[in-house]
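Start at 1 with the first residue, then count along the sequence.
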Amino acid sequence: MAGFSSLDNLVTNVSNSGKFFRADWNKNHATGGTVVAGSWQFLAGGAGNPVANTALGSGVTLVQKPQYDLGTTHGGIQHGGNVGASATDYKVLLNASAFTAAATTVPCVMMLVDLLSYATLTNATISTAGTKTLVNTENVTFSSSSGLLMTTVADYDTYTPVSFTTTGALPTGLVAGTIYWTIRVSATTSRLATSLTNAVATTAIAFTDAGSGTNTMTVRLPRYSDGAGVQAFLVASTAGTAGTGTFQLTYTNSAGTGSRTTPSSPALPTNNATSPLLGVPYSGTGSGKFGPFFPLAGGDAGIRTCQNIILASAGVTTGVYNLCFAKPLLTLPITTLGVAAERDLVNQLPSMPRVYDGACLAWMIYAGSAIPNNSSFFGHLDFGWS
């Protein structure tokens, strides 16, 4: 059975078998200016350990880019590497702490999320009103020469998880609805792997036929592929200024129901006149201010796929925003300068949220007071697995 079966089993695995990893992290709150109380920021782009996420704002506009603890641009907190190769090991978060000694940074609330993917929204995209369609599905072709090669219109990163439907037959060995991982060959071609581990090892699927009919590819989330608990938010990788336009999503919920929309009542998320670097541009206080996530339609428990972001009016005169998808794992209020806030996730709830292989862990922060630029935050995370 996945997970720890008892406290004795936890102690045996963590202490006796050494299935434990501690991550000490420190991040700077990098905004380019003081952040007002009531707003949310994304610490992933701040300097420290881990290094800043430099992926946000890059890539092809509206094309979703998966995020992992791999490489040098994602900036996720390390959590002990992959433990699921045997299909039985199951990693969880055991303890967490955070503290700061920087004046006027508290009270605040830290939120740890698993950053799953994002799509860049350039200023040319967000400065004009209308429906902006995410590039997450298209018809593709296959070639069976030298192994199965998939040709696309858009440029998809290596390790992008995808699934397929068809009006005819997929290439032999591909199964409709099953998730595969891309191994990028060029801007328009990729090979496919049966797992993230195989994609990292560049072990591609090889077939002898190219299928038939119309084969359609859909980009999936790298973790939580059913969308349960997955939330969406905007974050500025280049500060945004001016305008009070609104944002609305159309999406498929975690139950697989499509054509869901961000509720317009009492108000849609509304852009702030100024959105600092790494700020959530509709967070704050007052009408149209939410934080940090887009409101979902009544009864929805998460986002499986997102189709569009709709801007009701023009107004973001400068700035680059990113539409991010994440799974929240825990919240941690900090009330006092210099005093660590701690969360015992074994005994307090117990919740022990699962941490998947490849998880890109990052902190968001809610400003309970005005937080000055480059304020430092520190802490640790403890992980164990069975």
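- When only modelled atom types and interatomic distance are considered, Arg220 and Ser163 share a side-chain donor-acceptor pair under 3.5 Å.
- In this structure a side-chain-to-backbone donor-acceptor pair under 3.5 Å is present from Asp114 to Cys360.
- Looking only at distances, no side-chain donor or acceptor of Thr188 sits under 3.5 Å from a matching main-chain atom of Thr151.
- With hydrogens and angles left out, the side-chain atoms of Ser369 and Thr104 include no donor and acceptor closer than 3.5 Å.
- Using a 4.5 Å cut-off between side-chain heavy atoms of Ile, Leu, Val, Met, Phe, Trp and Tyr, with links allowed through other members, Val92 and Val346 fall into the same hydrophobic cluster.
- With sequence neighbours excluded, the residues forming a salt bridge (charged side-chain N to carboxylate O under 4.0 Å, His left out) with Asp24 are Arg22, listed by chain and number.
- Checking side-chain atoms of Thr120 against main-chain N and O of Ser58 turns up a donor-acceptor pair under 3.5 Å.
- Residues Pro50 and Lys27 share a closest heavy-atom pair of O-NZ, 2.9 Å.
- Side-chain contact between Leu296 and Gln231: present, with at least one pair of heavy atoms (C-beta onward) separated by less than 4.5 Å.
- Of the inter-residue distances, the one linking Ile334 atom CD1 with Glu342 atom CD reads 11.5 Å to the nearest 0.5 angstrom.
- Considering all non-hydrogen atoms of both residues, Pro161 and Ile179 come closest at CB-CG2, 3.8 Å.
- Between Ile183 and Asn198, the shortest heavy-atom distance links the atoms CD1-O, 4.5 Å.
- Rounding to the nearest 0.5 Å gives a distance of 7.5 Å between OG of Ser186 and CG of Leu149.
- With Thr262 contributing its side chain and Leu249 its backbone, the two residues share a donor-acceptor pair below 3.5 Å.
- A donor-acceptor distance shorter than 3.5 angstrom exists from the side chain of Thr137 to the backbone of Met217, with no hydrogens or angles considered.
- Closest non-hydrogen pair, Leu196 versus Trp181, comes out as N-CD2, 3.7 Å.
- Judged purely by distance below 3.5 Å, without hydrogens or angles, the side chains of Thr318 and Thr241 pair a donor atom with an acceptor atom.
- Side-chain atoms of Thr252 do not come within 3.5 Å of backbone N or O of Arg304 as any donor-acceptor pair.
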Show your reasoning for whether side chain to side chain contact (heavy atoms under 4.5 Å, CB included) applies to Leu94 and Val14.
-> CA-CA 10 Å; Leu94 301 174; Val14 168; 4.2 Å; yes
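- Ser283 places none of its side-chain heavy atoms less than 4.5 Å from the side chain of Pro292.
- Placement of Phe142 and Val153 in two distinct hydrophobic clusters is found when ILVMFWY residues are connected by side-chain heavy-atom separations under 4.5 Å, directly or transitively.
- In this structure, a donor-acceptor pair under 3.5 Å is absent between the side chains of Gln248 and Thr250.
- Residue pairs meeting the side-chain hydrogen bond (donor to acceptor under 3.5 Å, both in side chains) criterion with at least one partner in residues 10-20, sequence neighbours excluded, are Asn9-Asn13.
- Closest heavy-atom contact between Gln78 and Phe21: O-CE2, 3.5 Å.
- Inter-residue side-chain proximity for Val35 and His29 is flagged as met; some heavy-atom pair is nearer than 4.5 Å.
- A donor-acceptor distance shorter than 3.5 angstrom exists from the side chain of Thr270 to the backbone of Leu268, with no hydrogens or angles considered.
- With values rounded to the nearest 0.5 angstrom, Asn322 atom CG is found 6.5 Å from Leu121 atom CG.
- When side chains are defined from C-beta on, Gln67 counts as touching Asn53, because their heavy atoms get closer than 4.5 Å.
- Note on Phe378 and Leu361: separate hydrophobic clusters, where clusters join Ile, Leu, Val, Met, Phe, Trp and Tyr whose side-chain heavy atoms are under 4.5 Å apart, directly or indirectly.
- There is no path of hydrophobic side-chain contacts, each under 4.5 Å, that joins Val320 to Ile309.
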Step by step, work out the side chain to side chain contact (heavy atoms under 4.5 Å, CB included) result for Phe383 and Leu93.
-> CA-CA 5 Å; Phe383 305 90; Leu93 188 56; 3.5 Å; yes
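- The only option from Tyr321, Phe294, Trp40 that meets the ring-ring contact (aromatic ring centres under 6.0 Å, His included) definition with Tyr282 turns out to be Phe294.
- When atom types are taken as modelled, the side chain of Ser127 and the backbone of Asn123 share a donor-acceptor pair closer than 3.5 angstrom.
- Within the 4.5 Å cutoff, the side chain of Cys306 has heavy atoms near those of the Leu323 side chain.
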Take Ile205 and Leu174 through the test side chain to side chain contact (heavy atoms under 4.5 Å, CB included) and record every step on the way to the result.
-> CA-CA 9 Å; Ile205 301 170; Leu174 287 184; 4.1 Å; yes
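- Screening Trp363, Tyr118, Phe233 for a ring-ring contact (aromatic ring centres under 6.0 Å, His included) with Phe42, the sole residue that qualifies is Phe233.
- If you take CZ on Arg343 and CE on Met110, they are separated by 12.5 Å, rounding to the nearest 0.5 Å.
- Judged by distance alone, the side chain of Arg223 and the main-chain N or O of Leu115 form a donor-acceptor pair under 3.5 Å.
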List the steps and the verdict of side chain to side chain contact (heavy atoms under 4.5 Å, CB included) for Ile371 and Gln41.
-> CA-CA 10 Å; Ile371 299 180; Gln41 301 289 303; over 6 Å; no
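- Here the closest heavy-atom approach between residue Trp385 and residue Lys91 is recorded as CB-CA, 3.6 Å.
- Environment of CG in Leu7: sparse, with no more than 12 heavy atoms of neighbouring residues, nucleotides or ligands closer than 6.0 Å.
- Side-chain contact check for Thr133 and Asn308: at least one donor-acceptor pair (N or O, by modelled atom type) lies under 3.5 Å.
- Using a 4.5 Å heavy-atom threshold, the side chains of Thr152 and Glu138 count as touching.
- Note that OG of Ser375 is 8.0 Å distant from CG of Asn28, once rounded to the nearest 0.5 Å.
- Note: Tyr356 and Tyr224 have perpendicular aromatic rings, judged against thresholds of 30 and 60 degrees for the angle between ring planes.
- Using modelled atom types, one side-chain atom of Asp209 and one backbone atom of Gly211 make a donor-acceptor pair closer than 3.5 Å.
- A distance of 9.0 Å separates OG1 of Thr125 from CG of Leu311, quoted to the nearest 0.5 Å.
- Within the 4.5 Å cutoff, the side chain of Asn215 has no heavy atoms near those of the Met150 side chain.
- With a 4.5 Å cut-off on side-chain heavy atoms, Ile365 and Thr105 do not count as touching.
- Follow the hydrophobic side-chain contacts under 4.5 Å out from Val51 and you never reach Leu56; the two are in separate clusters.
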